[in-house]
Protein chains: 2
Amino acid sequence: MNLVYEALAHPTRRQIIALLRQGDRPAGEIATHFDIAKPTLSGHLRVLREAGLVIGERHGTSIVYSLQLSLLEESLAALLDLFKIDSAKPPEPDRS
Amino acid sequence: MNLVYEALAHPTRRQIIALLRQGDRPAGEIATHFDIAKPTLSGHLRVLREAGLVIGERHGTSIVYSLQLSLLEESLAALLDLFKIDSAKPPEPDRS
DNA sequence: TCCCTTATTAGGCAACAAGCGAATTATATC
DNA sequence: GATATAATTCGCTTGTTGCCTAATAAGGGA
């Protein structure tokens with residue numbers, strides 16, 4: 001789970017996620033949306049992949065990336081759990 | 001908002017949040033839960049403070065930390081927006 | 001005021017992350 | 001096999017993060 005948080009920590013990677021929300025895309029097409037070198041973007045994609053947030057499937061010479069929504073939901077659930085905004089009572093046991 | 005994600009990227013800082021969910025605590029008491037030097041923990045608290053996730057109020061010689069739930073909720077909303085799990089249709093326009 | 005407690009800031013170092021250009025791998029086509 | 005295209009890995013530089021010890025600031029009580 002730690003990998004997910006680290007992956008989300010970089011603005012470019014969050015933008016990649018937002019981009020993939022609109023549909024799957026090959027790495028090269030993703031790259032056109034950013035002003036960074038291709039190897040740098042490839043590194044970001046690797047981080048997202050290792051966190052399990054995206055998967056890349058080879059189609060011919062391209063590698064098409066798509067979101068792993070299941071893990072995204074899990075991450076959100078974990079975050080909700082961390083903050084416990086969802087659950088029953090407000091977190092105030094005693095505190096004099 | 002970037003600061004929030006960066007703040008959440010470190011396990012210790014997430015544990016601090018989880019701890020504060022159970023009630024406000026002075027910095028020193030927080031420190032007893034971790035096996036790190038006090039200045040290091042103070043640094044983590046600074047990161048959380050600058051992200052707006054916690055606030056520290058001086059009570060005598062202590063500085064009592066508490067969560068800023070409002071910003072936590074905003075962060076969650078932003079995350080939901082990023083993933084759009086909440087909204088209407090699944091993000092699959094075409095894809096042959 | 002002087003001392004003790006609590007917490008932060010300052011300084012320094014090792015480890016990591018982000019970026020790039022060049023080289024490499026993988027697939028498709030001729 | 002040779003060539004072209006797409007994406008990654010490699011080697012490197014630069015800047016940041018995380019950790020520590022030592023020093024400093026802020027308060028409370030004798």
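All of these numbers come straight from a predicted model, not from anything done at the bench. Any value given below was found using the heavy atoms of this structure, including those in side chains, with hydrogens, waters and symmetry copies removed. Reminder, nothing fancy here: chain letters follow the sequence lines and each chain counts from 1.
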Novice: Nearest-Å distance, CZ (A/Phe34) to P (C/dA18)?
Specialist: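 Taking CZ of A/Phe34 and P of C/dA18, I get 14 Å after rounding.
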Novice: Just wondering, more than 12 heavy atoms not from A/Glu57 lying within 6.0 Å of its CD?
Specialist: no
Novice: Please check this pair: side chain of A/Arg13 against backbone of A/Leu8, looking for a donor-acceptor N/O pair closer than 3.5 Å.
Specialist: no
Novice: Quick check: does any side chain N or O of B/Arg25 sit under 3.5 Å from a backbone N or O of B/Ile16, one acting as donor and the other as acceptor?
Specialist: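 No: the side chain of B/Arg25 does not pair with the backbone of B/Ile16.
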Novice: Can you tell me how far CG of A/Asp24 sits from CG of A/Leu19, rounded to the nearest 0.5 angstrom?
Specialist: 11.0 Å
Novice: Assign a letter to each nucleotide of nucleotides 7-23 of chain D from its 5' end: B, base within under 4.0 Å of a protein heavy atom; S, sugar-phosphate only; -, no contact.
Specialist: SBB--------SSBBB-
Novice: List the residues meeting salt bridge (charged side-chain N to carboxylate O under 4.0 Å, His left out) with B/Arg58, not counting sequence neighbours, and say none if there are none.
Specialist: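 B/Arg58 satisfies salt bridge (charged side-chain N to carboxylate O under 4.0 Å, His left out) with no residue once adjacent residues are dropped.
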